[in-house]
Amino acid sequence: MKRALPFLLAAIVTIFTQCNTLQNIPTNTTGSLFSLNGAWSLASSTDNSAQVGTVVQVFPGVTTGTVRSIGNNNYCLRERDAVWRNLSAKEAGVFSLETMVNACSGNTVYKPARLTAISNDEIRITGQTADSKELVQVWRRTTIND
């Protein structure tokens, strides 16, 4: 029995690593080269600097980025709103997601977007505004002082 145990464990590990469910779990890390985990501050935006200064935090194993602090609140955000949702790694340094583009008048509007890592400390999100105009945002990694 003791001799069979290592083979049994190896077989179980092989089965689970080949499982499509495990391979398709959404993640906020791509190819173990880049991770979204941490805090991100909006540095620039093509929609009249809406939300510049807002800080979004991403936690390990979570597919959302939540508002930690708000700047230039043109979208009616509230702290702890999920401003990024359905984060999913597509290839090294590239993610698909939905970004919140408006939470005013009781309707929360999300639009599909693409997040690209420019460096370990800078990302670009390309998507659309609530009225379907091009939106490009540059976010920089920051620290949060509690």
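The basis for the numbers below is simple: all heavy atoms, side chains too, and nothing from hydrogens, waters or symmetry mates.
- Side-chain atoms of T142 and V55, non-hydrogen and from C-beta on, do get closer than 4.5 Å to each other.
- The salt bridge (charged side-chain N to carboxylate O under 4.0 Å, His left out) pairs that include a residue from residues 98-109 are R85-E98, where partners are two or more places apart or lie in different chains.
- Annotation: side chain of V101 is not in contact with side chain of Q128 (no heavy-atom distance under 4.5 Å).
- Every pair passing disulfide bond (SG atoms under 2.5 Å apart) that includes a residue from residues 46-102 is listed here, sequence neighbours excluded: C76-C104.
- The two residues Q137 and L42 have their closest heavy-atom pair at CB-CD1, 3.5 Å.
- The list of salt bridge (charged side-chain N to carboxylate O under 4.0 Å, His left out) pairs with a residue in residues 53-66, not counting sequence neighbours, is empty.
- T64 places no side-chain N or O within donor-acceptor distance of the main-chain N or O of T66, the cut-off being under 3.5 Å.
- I123 is listed as a side-chain neighbour of L36, based on a closest heavy-atom distance under 4.5 Å.
- Closest non-hydrogen pair, V52 versus S44, comes out as CG2-CA, 4.1 Å.
- For the residue pair N102 and A130, the shortest heavy atom distance occurs at CB-CB, 4.2 Å.
- Heavy-atom minimum distance, L77 versus M100: CD2-SD, 3.1 Å.
- Side-chain atoms of N120 do not come within 3.5 Å of backbone N or O of F34 as any donor-acceptor pair.
- When the side chains of ILVMFWY residues are joined at heavy-atom separations under 4.5 Å, either directly or via intervening members, V138 and L135 end up in two distinct hydrophobic clusters.
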Intermediate values then yes/no, side chain to side chain contact (heavy atoms under 4.5 Å, CB included), E79 and I70: CA-CA 7 Å; E79 284 192 33; I70 302 168; 4.3 Å; yes
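- A pairwise comparison of heavy atoms in D81 and R78 identifies OD2-N, 2.9 Å as the closest pair.
- Between N86 and S96 the shortest side-chain heavy-atom distance does not fall below 4.5 Å.
- Within the 4.5 Å cutoff, side-chain heavy atoms of N73 are placed close to those of Q51.
- Under the ring pair (Phe, Tyr, Trp, His ring centres under 6.0 Å) criterion, the residue pairs touching residues 117-144 are W84-W139, with sequence neighbours excluded.
- Using a 4.5 Å heavy-atom threshold, the side chains of T54 and V83 count as separate.
- The environment of CG in D131 is crowded: more than 12 heavy-atom neighbours from other residues, nucleotides or ligands sit within 6.0 Å.
- For the pair R80/V67, no side-chain contact is recorded, criterion being any heavy-atom separation below 4.5 Å from C-beta on.
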Side chains of residues 107-115: which donor-acceptor pairs under 3.5 Å do they make with residues two or more places apart or in other chains?
residue	atom	partner	partner atom	Å
Y110	OH	A82	O	2.5
K111	NZ	S132	OG	3.1

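- Partners of D121 under the side chain to side chain contact (heavy atoms under 4.5 Å, CB included) rule, at least two apart in sequence or in another chain, are S119, R141.
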